[in-house]
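This structure is in C-alpha coordinates; I'll ask about it shortly.
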Amino acid sequence: MITIPVALSDNPYDVLVGNGVRHELARVIPAGVKRVAVVTQAGIGISVDPGREHRVFEMPDGETAKTMSTVESLCSEFSRWGLTRSDCVVAVGGGIVTDTAGFAAAVYHRGIPVVHVSTTLLGQIDAAIGGKTGVNLPEGKNLVGAFWQPAAVLCDTGLLSTLPPREYRSGLGELAKYHFLGGGDLDALPLDERVAACVAIKAEVVVDDEREGGRRATLNYGHTLAHAIEIAGDHDLRHGEAVAVGLIFAAELAYRLGRISEARVAEHRRVVAAYDLPSTLPLGLRSDELIALMGRDKKALDGLTFVLDGPEGVESITGVPLEHIEAAIDAIRSEGDRS
Ligand code: GLY
(Lines give C-alpha, C1' and ligand atoms only; values in the text may rest on other atoms or scores of the structure.)
Protein backbone atom coordinates (compact mmCIF):
# COMPACT_ATOMS: atom_id res chain seq x y z
CA MET A 1 0.00 0.00 0.00
CA ILE A 2 1.29 3.47 -0.91
CA THR A 3 0.19 6.53 1.11
CA ILE A 4 0.21 9.94 -0.56
CA PRO A 5 -0.45 12.90 1.73
CA VAL A 6 -2.46 15.80 0.33
CA ALA A 7 -0.83 18.41 2.57
CA LEU A 8 -3.48 21.15 2.50
CA SER A 9 -2.98 23.40 5.51
CA ASP A 10 -6.70 23.46 6.47
CA ASN A 11 -7.74 19.97 5.38
CA PRO A 12 -4.79 17.56 5.13
CA TYR A 13 -5.73 14.01 4.17
CA ASP A 14 -4.21 10.83 2.82
CA VAL A 15 -4.80 8.98 -0.42
CA LEU A 16 -4.12 5.24 -0.06
CA VAL A 17 -3.26 3.35 -3.24
CA GLY A 18 -3.00 -0.42 -3.59
CA ASN A 19 -4.69 -3.73 -4.16
CA GLY A 20 -7.41 -4.21 -1.52
CA VAL A 21 -7.15 -0.77 0.15
CA ARG A 22 -10.94 -0.49 0.25
CA HIS A 23 -10.65 -2.75 3.30
CA GLU A 24 -8.94 0.15 5.14
CA LEU A 25 -12.22 2.09 5.09
CA ALA A 26 -13.17 1.67 8.77
CA ARG A 27 -9.73 2.97 9.77
CA VAL A 28 -9.84 6.17 7.66
CA ILE A 29 -13.34 7.32 8.60
CA PRO A 30 -12.98 10.34 10.92
CA ALA A 31 -12.98 9.60 14.64
CA GLY A 32 -16.35 10.04 16.30
CA VAL A 33 -18.46 9.21 13.21
CA LYS A 34 -21.28 6.90 14.26
CA ARG A 35 -23.25 6.45 11.03
CA VAL A 36 -22.16 6.25 7.44
CA ALA A 37 -24.25 6.87 4.31
CA VAL A 38 -22.66 4.80 1.53
CA VAL A 39 -23.54 6.28 -1.88
CA THR A 40 -23.02 4.12 -4.95
CA GLN A 41 -24.65 2.96 -8.20
CA ALA A 42 -26.20 -0.48 -8.72
CA GLY A 43 -23.85 -1.15 -11.67
CA ILE A 44 -20.74 -0.70 -9.53
CA GLY A 45 -21.45 -3.73 -7.37
CA ILE A 46 -18.67 -3.18 -4.84
CA SER A 47 -19.51 -3.55 -1.18
CA VAL A 48 -17.54 -1.84 1.56
CA ASP A 49 -17.43 -2.18 5.33
CA PRO A 50 -17.31 1.17 7.16
CA GLY A 51 -17.06 -0.66 10.49
CA ARG A 52 -20.04 1.14 12.05
CA GLU A 53 -23.76 1.52 11.42
CA HIS A 54 -24.30 2.24 7.73
CA ARG A 55 -26.90 2.26 5.01
CA VAL A 56 -26.41 2.06 1.22
CA PHE A 57 -28.06 4.74 -0.96
CA GLU A 58 -28.07 3.98 -4.68
CA MET A 59 -28.11 6.75 -7.22
CA PRO A 60 -29.12 5.97 -10.83
CA ASP A 61 -26.46 4.74 -13.30
CA GLY A 62 -24.80 6.93 -15.93
CA GLU A 63 -23.64 10.53 -16.39
CA THR A 64 -27.30 11.64 -16.68
CA ALA A 65 -27.65 10.91 -12.94
CA LYS A 66 -25.14 13.66 -12.07
CA THR A 67 -27.84 16.24 -11.41
CA MET A 68 -29.25 18.57 -8.78
CA SER A 69 -32.27 16.30 -8.47
CA THR A 70 -30.05 13.33 -7.53
CA VAL A 71 -28.38 15.52 -4.89
CA GLU A 72 -31.81 16.55 -3.57
CA SER A 73 -32.97 12.91 -3.42
CA LEU A 74 -29.79 11.83 -1.62
CA CYS A 75 -30.07 14.65 0.92
CA SER A 76 -33.75 13.83 1.54
CA GLU A 77 -32.87 10.18 2.09
CA PHE A 78 -30.01 11.14 4.43
CA SER A 79 -32.41 13.30 6.38
CA ARG A 80 -35.12 10.64 6.61
CA TRP A 81 -32.49 8.24 7.95
CA GLY A 82 -31.39 10.85 10.50
CA LEU A 83 -27.82 11.48 9.27
CA THR A 84 -26.27 14.27 11.32
CA ARG A 85 -23.39 16.69 10.95
CA SER A 86 -21.14 14.41 12.92
CA ASP A 87 -21.76 11.50 10.54
CA CYS A 88 -20.13 10.78 7.21
CA VAL A 89 -20.79 10.03 3.54
CA VAL A 90 -18.75 7.37 1.75
CA ALA A 91 -18.83 7.53 -2.06
CA VAL A 92 -18.10 4.22 -3.79
CA GLY A 93 -17.66 4.48 -7.54
CA GLY A 94 -16.12 6.48 -10.35
CA GLY A 95 -16.15 10.21 -10.94
CA ILE A 96 -19.93 10.40 -11.37
CA VAL A 97 -20.48 9.03 -7.87
CA THR A 98 -17.64 10.87 -6.14
CA ASP A 99 -18.60 14.20 -7.79
CA THR A 100 -22.30 13.82 -6.92
CA ALA A 101 -21.98 12.30 -3.45
CA GLY A 102 -19.14 14.71 -2.66
CA PHE A 103 -21.41 17.62 -3.55
CA ALA A 104 -24.27 16.16 -1.49
CA ALA A 105 -21.84 15.90 1.45
CA ALA A 106 -20.69 19.50 0.85
CA VAL A 107 -24.22 20.91 1.11
CA TYR A 108 -26.00 18.52 3.50
CA HIS A 109 -26.24 20.28 6.89
CA ARG A 110 -23.83 22.85 5.37
CA GLY A 111 -21.20 20.17 4.97
CA ILE A 112 -20.40 16.78 6.46
CA PRO A 113 -17.26 14.65 5.98
CA VAL A 114 -16.91 12.47 2.87
CA VAL A 115 -14.54 9.60 2.10
CA HIS A 116 -14.09 8.49 -1.51
CA VAL A 117 -13.58 4.84 -2.44
CA SER A 118 -12.63 5.31 -6.06
CA THR A 119 -13.27 2.32 -8.32
CA THR A 120 -12.11 3.54 -11.76
CA LEU A 121 -8.72 4.52 -13.16
CA LEU A 122 -10.06 7.95 -14.15
CA GLY A 123 -11.40 8.49 -10.65
CA GLN A 124 -8.27 7.27 -8.88
CA ILE A 125 -5.87 9.53 -10.74
CA ASP A 126 -8.14 12.54 -11.11
CA ALA A 127 -11.79 12.92 -10.06
CA ALA A 128 -11.54 11.65 -6.47
CA ILE A 129 -8.47 13.75 -5.62
CA GLY A 130 -8.52 17.46 -4.88
CA GLY A 131 -12.01 18.23 -3.64
CA LYS A 132 -13.82 19.28 -6.81
CA THR A 133 -17.43 18.18 -6.44
CA GLY A 134 -20.47 19.05 -8.49
CA VAL A 135 -23.21 18.17 -10.92
CA ASN A 136 -24.29 19.01 -14.46
CA LEU A 137 -27.05 21.36 -15.61
CA PRO A 138 -28.91 21.04 -18.92
CA GLU A 139 -26.75 24.04 -19.94
CA GLY A 140 -23.41 22.28 -19.37
CA LYS A 141 -21.22 19.92 -17.39
CA ASN A 142 -20.08 20.62 -13.81
CA LEU A 143 -21.75 24.04 -13.72
CA VAL A 144 -22.85 23.70 -10.08
CA GLY A 145 -20.49 22.49 -7.40
CA ALA A 146 -18.24 23.17 -4.46
CA PHE A 147 -14.67 22.61 -3.39
CA TRP A 148 -15.11 20.03 -0.65
CA GLN A 149 -12.03 18.09 0.34
CA PRO A 150 -12.54 14.44 1.33
CA ALA A 151 -11.37 13.15 4.71
CA ALA A 152 -9.53 10.34 2.88
CA VAL A 153 -9.42 8.67 -0.54
CA LEU A 154 -8.99 4.94 -1.14
CA CYS A 155 -7.75 3.97 -4.61
CA ASP A 156 -8.15 0.20 -4.73
CA THR A 157 -6.12 -0.84 -7.75
CA GLY A 158 -7.40 -4.40 -7.41
CA LEU A 159 -10.73 -3.14 -8.78
CA LEU A 160 -9.24 -1.85 -12.01
CA SER A 161 -8.98 -5.27 -13.63
CA THR A 162 -12.78 -5.58 -13.40
CA LEU A 163 -13.43 -2.38 -15.39
CA PRO A 164 -14.97 -2.60 -18.86
CA PRO A 165 -12.07 -2.15 -21.36
CA ARG A 166 -13.27 1.21 -22.70
CA GLU A 167 -13.75 2.58 -19.20
CA TYR A 168 -10.16 1.61 -18.45
CA ARG A 169 -8.97 3.20 -21.72
CA SER A 170 -10.71 6.38 -20.73
CA GLY A 171 -8.54 6.51 -17.61
CA LEU A 172 -5.44 5.91 -19.73
CA GLY A 173 -6.05 9.27 -21.47
CA GLU A 174 -5.67 11.03 -18.11
CA LEU A 175 -2.65 8.86 -17.33
CA ALA A 176 -1.02 9.94 -20.60
CA LYS A 177 -1.55 13.56 -19.50
CA TYR A 178 0.56 13.09 -16.35
CA HIS A 179 3.60 12.11 -18.45
CA PHE A 180 3.79 15.79 -19.40
CA LEU A 181 3.00 17.22 -15.97
CA GLY A 182 6.27 15.98 -14.52
CA GLY A 183 5.50 12.24 -14.52
CA GLY A 184 8.19 11.31 -17.05
CA ASP A 185 8.32 7.63 -17.96
CA LEU A 186 5.24 6.52 -16.07
CA ASP A 187 4.78 3.56 -18.38
CA ALA A 188 7.92 2.00 -16.89
CA LEU A 189 6.24 1.71 -13.47
CA PRO A 190 4.07 -1.11 -12.09
CA LEU A 191 0.37 -0.19 -11.86
CA ASP A 192 0.21 0.77 -8.15
CA GLU A 193 3.26 2.98 -8.42
CA ARG A 194 1.96 4.53 -11.62
CA VAL A 195 -1.39 5.42 -10.04
CA ALA A 196 0.42 6.71 -6.94
CA ALA A 197 2.76 8.84 -9.09
CA CYS A 198 -0.25 10.49 -10.79
CA VAL A 199 -1.93 11.06 -7.41
CA ALA A 200 1.28 12.63 -6.07
CA ILE A 201 1.48 15.03 -9.04
CA LYS A 202 -2.16 16.02 -8.62
CA ALA A 203 -1.79 16.37 -4.83
CA GLU A 204 1.19 18.69 -5.26
CA VAL A 205 -0.69 20.91 -7.72
CA VAL A 206 -3.83 20.99 -5.55
CA VAL A 207 -1.84 21.95 -2.45
CA ASP A 208 -0.23 24.77 -4.44
CA ASP A 209 -3.53 26.06 -5.88
CA GLU A 210 -6.57 24.49 -4.23
CA ARG A 211 -9.17 26.86 -5.78
CA GLU A 212 -7.78 26.96 -9.31
CA GLY A 213 -6.48 30.51 -9.18
CA GLY A 214 -3.73 29.54 -11.61
CA ARG A 215 -1.61 26.41 -11.60
CA ARG A 216 -4.46 23.93 -11.05
CA ALA A 217 -5.69 24.75 -14.57
CA THR A 218 -2.62 22.85 -15.85
CA LEU A 219 -4.42 19.66 -14.78
CA ASN A 220 -6.67 20.40 -17.75
CA TYR A 221 -3.79 19.78 -20.15
CA GLY A 222 -5.32 18.28 -23.31
CA HIS A 223 -8.85 19.12 -22.15
CA THR A 224 -9.67 22.28 -24.14
CA LEU A 225 -9.98 20.45 -27.44
CA ALA A 226 -11.26 17.31 -25.67
CA HIS A 227 -14.24 19.22 -24.26
CA ALA A 228 -14.95 20.71 -27.70
CA ILE A 229 -14.92 17.23 -29.27
CA GLU A 230 -17.22 15.96 -26.53
CA ILE A 231 -19.66 18.86 -26.91
CA ALA A 232 -19.65 18.54 -30.72
CA GLY A 233 -21.05 15.15 -29.75
CA ASP A 234 -22.03 11.86 -31.37
CA HIS A 235 -18.45 10.81 -31.96
CA ASP A 236 -18.37 7.84 -29.65
CA LEU A 237 -15.17 8.93 -27.95
CA ARG A 238 -14.77 8.42 -24.21
CA HIS A 239 -13.46 11.36 -22.19
CA GLY A 240 -9.94 9.96 -21.94
CA GLU A 241 -9.85 9.17 -25.65
CA ALA A 242 -10.81 12.78 -26.40
CA VAL A 243 -8.09 13.93 -23.95
CA ALA A 244 -5.55 11.85 -25.87
CA VAL A 245 -6.46 13.64 -29.12
CA GLY A 246 -6.37 16.91 -27.17
CA LEU A 247 -2.82 16.17 -25.97
CA ILE A 248 -1.58 15.75 -29.53
CA PHE A 249 -3.38 18.95 -30.56
CA ALA A 250 -1.82 20.83 -27.64
CA ALA A 251 1.64 19.56 -28.61
CA GLU A 252 1.17 20.56 -32.26
CA LEU A 253 -0.02 23.99 -31.15
CA ALA A 254 2.87 24.49 -28.71
CA TYR A 255 5.28 23.47 -31.51
CA ARG A 256 3.78 26.07 -33.86
CA LEU A 257 4.18 28.71 -31.17
CA GLY A 258 7.87 27.80 -30.86
CA ARG A 259 7.37 26.54 -27.30
CA ILE A 260 8.48 22.92 -27.82
CA SER A 261 10.63 20.94 -30.26
CA GLU A 262 9.55 18.43 -32.89
CA ALA A 263 11.04 15.73 -30.65
CA ARG A 264 8.70 16.74 -27.83
CA VAL A 265 5.72 16.51 -30.21
CA ALA A 266 6.95 13.04 -31.16
CA GLU A 267 7.11 12.16 -27.45
CA HIS A 268 3.42 13.10 -27.10
CA ARG A 269 2.59 10.88 -30.08
CA ARG A 270 4.66 8.02 -28.63
CA VAL A 271 2.94 8.14 -25.23
CA VAL A 272 -0.57 8.32 -26.68
CA ALA A 273 0.21 5.42 -29.06
CA ALA A 274 1.76 3.40 -26.21
CA TYR A 275 -1.62 3.50 -24.43
CA ASP A 276 -3.33 2.54 -27.70
CA LEU A 277 -5.31 5.78 -27.65
CA PRO A 278 -6.47 7.80 -30.68
CA SER A 279 -4.35 10.70 -31.93
CA THR A 280 -6.62 12.01 -34.72
CA LEU A 281 -9.92 13.87 -34.75
CA PRO A 282 -13.12 11.96 -35.39
CA LEU A 283 -14.05 12.39 -39.07
CA GLY A 284 -16.07 15.37 -40.24
CA LEU A 285 -15.49 17.84 -37.39
CA ARG A 286 -15.23 21.37 -38.77
CA SER A 287 -12.38 23.59 -37.54
CA ASP A 288 -14.64 26.65 -37.12
CA GLU A 289 -17.04 24.63 -34.96
CA LEU A 290 -14.21 23.32 -32.76
CA ILE A 291 -12.70 26.79 -32.40
CA ALA A 292 -16.08 28.28 -31.44
CA LEU A 293 -16.57 25.52 -28.86
CA MET A 294 -13.06 25.97 -27.46
CA GLY A 295 -13.81 29.67 -27.03
CA ARG A 296 -16.84 28.73 -24.94
CA ASP A 297 -14.87 26.45 -22.64
CA LYS A 298 -15.27 27.83 -19.15
CA LYS A 299 -11.48 27.65 -18.69
CA ALA A 300 -10.99 30.15 -21.58
CA LEU A 301 -10.80 33.28 -19.48
CA ASP A 302 -9.39 35.78 -21.94
CA GLY A 303 -10.01 35.01 -25.60
CA LEU A 304 -8.55 31.68 -26.63
CA THR A 305 -6.54 30.32 -23.74
CA PHE A 306 -4.75 27.01 -23.93
CA VAL A 307 -2.80 24.94 -21.44
CA LEU A 308 0.44 24.32 -23.33
CA ASP A 309 3.78 22.65 -22.81
CA GLY A 310 6.90 24.83 -23.04
CA PRO A 311 10.35 25.57 -21.67
CA GLU A 312 8.93 26.15 -18.15
CA GLY A 313 6.67 23.09 -18.33
CA VAL A 314 2.91 23.09 -18.87
CA GLU A 315 1.21 26.47 -18.28
CA SER A 316 -1.81 28.56 -19.37
CA ILE A 317 -1.15 30.70 -22.45
CA THR A 318 -3.61 33.41 -23.51
CA GLY A 319 -4.20 35.16 -26.82
CA VAL A 320 -3.12 32.28 -29.08
CA PRO A 321 -3.36 33.38 -32.77
CA LEU A 322 -6.11 31.78 -34.83
CA GLU A 323 -3.90 30.66 -37.72
CA HIS A 324 -1.80 28.48 -35.41
CA ILE A 325 -4.92 26.93 -33.90
CA GLU A 326 -6.24 26.10 -37.38
CA ALA A 327 -2.88 24.63 -38.42
CA ALA A 328 -2.71 22.49 -35.27
CA ILE A 329 -6.25 21.20 -35.90
CA ASP A 330 -5.24 20.28 -39.45
CA ALA A 331 -2.21 18.42 -38.09
CA ILE A 332 -4.46 16.08 -36.08
CA ARG A 333 -6.81 15.26 -38.95
CA SER A 334 -6.54 11.79 -40.39
CA GLU A 335 -5.67 11.41 -44.11
CA GLY A 336 -8.71 12.24 -46.21
CA ASP A 337 -10.16 14.59 -43.59
CA ARG A 338 -7.83 17.53 -44.27
CA SER A 339 -9.30 20.88 -45.31
N1 GLY B 1 -9.76 17.60 -12.93
C2 GLY B 1 -9.02 18.77 -12.77
C3 GLY B 1 -8.96 19.26 -11.36
O4 GLY B 1 -9.29 18.54 -10.44
O5 GLY B 1 -8.57 20.38 -11.14
Side-chain angles (χ1 to χ4, degrees), residues 4-8 10-13 15 17 63 66 91 93-103 105-106 114 116 118-136 140-150 152-153 155 167 170-183 186 195-231 238-244 246-247 250 294 297-301 305-309 313-316:
I4 300 110
V6 182
L8 288 159
D10 292 346
N11 298 294
Y13 58 96
V15 181
V17 177
E63 176 82 27
K66 210 178 122 171
I96 294 166
V97 176
T98 56
D99 280 11
T100 309
F103 185 48
V114 62
H116 296 313
S118 182
T119 61
T120 65
L121 181 59
L122 192 62
Q124 295 186 0
I125 62 176
D126 187 26
I129 319 294
K132 276 192 184 173
T133 71
V135 295
N136 303 330
K141 286 180 75 169
N142 297 327
L143 290 184
V144 177
F147 287 99
W148 192 247
Q149 296 296 340
V153 182
C155 298
E167 176 66 51
S170 192
L172 292 178
E174 294 288 343
L175 230 166
K177 172 189 85 175
Y178 284 105
H179 282 248
F180 306 102
L181 296 178
L186 290 172
V195 169
C198 296
V199 170
I201 293 169
K202 179 151 188 183
E204 200 263 312
V205 173
V206 167
V207 167
D208 192 43
D209 177 24
E210 185 184 0
R211 301 271 163 153
E212 200 163 317
R215 190 174 163 213
R216 186 160 178 168
T218 62
L219 294 170
N220 295 312
Y221 188 43
H223 284 60
T224 308
L225 181 74
H227 287 154
I229 296 172
E230 288 175 287
I231 299 167
R238 288 298 185 93
H239 175 69
E241 294 170 324
V243 169
L247 291 173
M294 289 194 283
D297 189 311
K298 66 184 187 310
K299 309 279 177 340
L301 297 174
T305 299
F306 291 92
V307 177
L308 295 175
D309 198 6
V314 170
E315 56 187 328
S316 282

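What you are looking at is a predicted structure, and each value in this text was computed from that prediction instead of being measured. Note that ligands are numbered from 1 as they come in the structure, with each ligand's atoms numbered from 1 the same way.
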Among residues at least two apart in sequence or on other chains, which ones pass ring pair (Phe, Tyr, Trp, His ring centres under 6.0 Å) with F180? H268

Any donor-acceptor pair under 3.5 Å linking the side-chain atoms of H223 with those of E174? yes

Using a 3.5 Å cut-off on N/O to N/O, what pairs does ligand 1 make with the protein? A line per pair would be great.
unit_1, atom_1, unit_2, atom_2, d
ligand 1, 1 (N), D126, OD1, 3.0
ligand 1, 1 (N), D126, OD2, 3.3
ligand 1, 4 (O), K202, NZ, 2.6
ligand 1, 4 (O), R216, NH2, 2.8
ligand 1, 5 (O), K132, NZ, 2.9
ligand 1, 5 (O), R216, NE, 2.7
ligand 1, 5 (O), R216, NH2, 3.4

Which residues share a salt bridge (Lys or Arg N to Asp or Glu O under 4.0 Å) with R238, sequence neighbours left out: E167

Would you say the side chain of K202 lies within less than 4.5 Å of the side chain of D126, judging by non-hydrogen atoms? yes

With sequence neighbours excluded, tell me which residues meet side-chain hydrogen bond (donor to acceptor under 3.5 Å, both in side chains) with Y178. none

Measuring from T133:OG1 to H116:NE2, what's the distance to the nearest 0.5 Å? 7.5 Å

